[in-house]
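Input: a single structure, listed below in structure tokens.
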Amino acid sequence: MGENTDVIQGTLDMLILKTLSLEPMHGFGIARRVEQISRGVFKVNPGSLLTALQRLERGGLVDAEWRQTENARRARVYSLTRAGRKQLDASTADWNRRAGAIARLLKADA
Amino acid sequence: MSLWRQITGGLRVLLRRDRADRDVADEVQHFLDETTDAYLARGLAAADARRAARLDVGNAAIVREQVRGAAWEYRVATIGADIRYGLRRLRRDGGFTLTAVLTLALGIGAATAIFSAVNPILLDPLPYPQPERLVAISDLGGDRSRVDVTYGSFREIAARSRSLDALAVARPWQATIVGSGAPEQLEGQRVSAAYFRVLGVTPFAGRGFEDVDDRVNGPNVVVISDGLWRRRFAADPAIVGRAVTLDDAGYTIVGVMPRGFENVTAPAAELWTPLQYDPSLPKDGREWGHHLRMVGRLRADAGIDAARRELDAIAAAPKPDFARPPWATLGNGLLVTPLQDEIARDVRPALIAVVGAVLLLLAIACVNVTSLQLARGAGRRGEFAMRAALGAGRGRLVQQLLVESVLLSTAAGALALLIANAGVGALVALAPPELPRAGAIRVDLAAFVFAFAVAAFVGLVTGVAPALQVARLAPGDGIQRASARIGGGHQTARRVLVVAEIALALVLLVGAGLLLRSLTRLFSIAPGFAPSHVLTMQVQSAGQRVAAPANTHRFFSAALEAVRAVPGVEAAGFSSQLPLSGSRDSYGVHFESTPTGLSDADGGAFRYAVTPGYIEAMGIALRRGRAVDAHDVDGGPAVVLISESLARSRFPNTDPIGQRLRIGPSDAPWRTIVGVVGGVRQMSLALDAADAVYVPDVQWTAFADRAMWLVVRARGNAAALAPAVKNAIWSVDRDQPIARVSTLDTIVEASAAERRFALVIFEWFAIGALLLAAIGIYGVLSGSVAERTRELGVRAALGASRRDILALVLGQGLALTLVGATAGLVGAAAASRALATLLFGVSRLDPATYAAVVVVLGGVSALACSVPAWRASRVDPAITLRAE
């Protein structure tokens, strides 16, 4: 039985936005960055990632365009829009509030 | 902003699907390439790195489905595919599709047609302003039956009533128009001045009638209908004031009614002229004849109940200012009914029965489609299980089935509209002539939507059920079940449905059977005359040449001489009214032998003013004395014949011959009874022969009957004599119009038109129901036989003979029929109550009818069972067992 590497439900959008807030990136880059920064706790499969990116793009939170990458491949590069940045701030604040509350609850129990 | 992106993004994908697919594929490929690179960097060999990357990323096709499936446009795209697949499936299951579409279309179409015909008559408000305020007011006879009112009663009620805004009377009027085209006999009405005000409709050109028009010797003015204006006067814009010749008299057109004006009291009327009766109400005049229809408009603040109370009070309290003759005392009160009920009075029972019939048919259609869908769903369980196993979600399966159901319903709906359209045409053609508002009958979209919604809903729900069922099953289970063909629970449901279908069909069959027997009974009744080989026509005497009563009589007797000279004529005579032709001309009759002049007890009798030869030509039995003959002349001794019912009730112990009676007013002459004739059914075959008096037309001096019915008894074919007879009449005076030429047989048949109307519809619907029930039984049994092939094979292998198996399957079918028939008999016994008023001479629980219907149904169901039973008996055990 392997360790659970699924992204916590409902947080994938936020993780993508956060990752893109550093710099525009293609899909594989986002997946690798999430995996690296979470030190392998979260693994993002391409199906979920591309579905989420499609949703964010339709929602106006990210823009996308085909570009040449540094290793001369064609890739679809995503970048944060202003609405996306706003959304990121809102969901970060919300997450911190909830995570803090959960941490306190768990500490109190322990 | 984001909604905009949603829509444009989706549309872009829909419009350039290849590009969208390629984009996703390219991104997945990019993932694959980068992952491979990462593995290579870790030192894996090229082939190993590629394999590891493919494992990580997964199947590109599945990723693509996942991404694309999340967006809304995917639904649209798949519906297109579903429609294509659905059409293919429906084409492949041709038998199912055809049956389902036809069944639904018939049910929806028939229901739409019937409701379209019934709505304007029973439900839609009359086409006038504030139609709920319109009432019909009738006098009441001794037996509480409605009787037309007299002008005298109208004047009194108009003067005394406070609950009515306007009150008017009308009577039929036929006029022959000449000039500007061929002479034409027109239907019209003579109306009192307020007639159009009561209806609340004003002419669109010119004016309606004023009080100054409606007086004795008032101006000859007419208001014409829009239709007549267009047909006869080419929609002449200067029509008002134009002179026109009607019955040789000059009239002035003063108004044209608006297009779409419906005259519900006389739908065929095309022109109106003032009544012009004498307000001094002479006792011996037409002013006191019961021959007017009265319509009123209630005051806005007066309900119909208040009006009833007030008019009954007026009827019960005569005033000296308004003297009433003995035959118009209003002694039984007045009948106030909403005008809408009044015009639908005669046809309502037939219409309600027909509505019941069509609801049954619609129910049967729904049951049949449900059953078909269940069977089809069961047959496709394997398909759905397979698709579910391959990853189709429940929503996807439901969507597929919804699409198929919608396709089916749409096809059925389109066909139903055609059927409804044809059906409405057929209904109007078939309708009894007195069907009111026939002109307003057209395909009613609301009715169509209702019927379509019911049937489509049933189709939808039952069509989707299999998908829900499959979703609940484990995939493997479904596939197994499908291949093993073990009978499932749906068979029980289908059996219940078939039982319901048989029961409903039986109710319709019983209705049809009862009506058929009623009609047979009705036509086997002796009407009191001999209708075969008799030609009839209405001959008018119009114009100044024959204006004086003596001239009118001279014309008719000359015409009669001419007709008698036609070869092939055995006997001929004229009468002022003809039995079963719809006329109702009755008078109070007072016998000299009855002590006081009190008239109520004397009651009314139909008055026939006849020429010599009428009694003989009609074949009316002469019981005693003699018929009218050539010796009965104007100025000679006044004579009269009475019907045997009068003779029995008035002279139970004495010989009526030689007794005297008086017809109508008290100053009418005494007439001596010279003969007694057999009873004749005047109003309807279903009503007993009423009291009647026959007077020689030349001795009827109160007024001259201008329109007389000619009755010609022929030696051979009566209809073939018509041209010769008409020419004979025209040889006397070529300007006299002849109308309503027909044989007496036809008139007798037409008199039962409402019953025939209901019967024809019940017959068609019952045949349809029987067919559907047969299809239902056949379907269930063949389904069951197909599913039990293996069991039947085992039975055969174990020694069951073909006979045994035949009996097994037949027994199963007949058991269903028996249960259905039992339920149906109970239902029919209850439902037949709705038919009661249409029945004649047959109890609504007539055992013979019920028995015959059960036999017919049993026969048809046995036939439907026999095919699957025969198929079952041919099951070859070797083949079925090997197939396992």
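Keep in mind that the numbers below use all heavy atoms, side chains included, and drop hydrogens, waters and symmetry copies. Residue numbers begin at 1 in each chain, while the letters A, B, ... track the order of the sequences.
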Next item on the list: Go through the steps for A:Asp94 and A:Ser91 under the test side-chain hydrogen bond (donor to acceptor under 3.5 Å, both in side chains), then give the verdict.
Entry: CA-CA 5 Å; A:Asp94 187 50; A:Ser91 46; over 6 Å; no

Check: Which pair of heavy atoms, one from B:Leu407 and one from B:Gly86, lies closest together, and at what distance?
Finding: CD1-C, 4.1 Å

Could you look at [X] and say if it's the side chain, the backbone, both or neither that has a heavy atom under 4.5 Å from chain B?
X: A:Arg55; answer: neither
X: A:Ala52; answer: neither
X: A:Leu49; answer: side chain

Note to self: At a heavy-atom distance under 4.5 Å, which candidate from B:Val24, B:Val28, B:Asp37, B:Asp56 has the highest pair count against chain A?
What the structure shows: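 Option with the greatest count: B:Asp37.
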
Note to self: Taking side-chain hydrogen bond (donor to acceptor under 3.5 Å, both in side chains) as the definition, give me every residue that meets it alongside B:Arg50, ordered by chain and number, with sequence neighbours left out.
What the structure shows: none

Checklist line | Donor-acceptor contact present, side-chain A:Asn45 to main-chain A:Ser48, <3.5 Å | finding: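 Judged by distance alone, yes, a pair lies under 3.5 Å.
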
Checklist line | Expected output: side-chain A:Thr81 to main-chain A:Leu61 donor-acceptor under 3.5 Å | finding: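 Confirmed, A:Thr81 side chain pairs with A:Leu61 backbone.
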
Note to self: So for B:Thr8, is it side chain, backbone, both, or neither that comes closer than 4.5 Å to the heavy atoms of chain A?
What the structure shows: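 B:Thr8 has no heavy atom closer than 4.5 Å to chain A.
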
Checklist line | B:Asp23 versus chain A, the contacting section by heavy-atom distance below 4.5 Å | finding: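 Backbone plus side chain of B:Asp23, per the 4.5 Å heavy-atom cut-off to chain A.
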
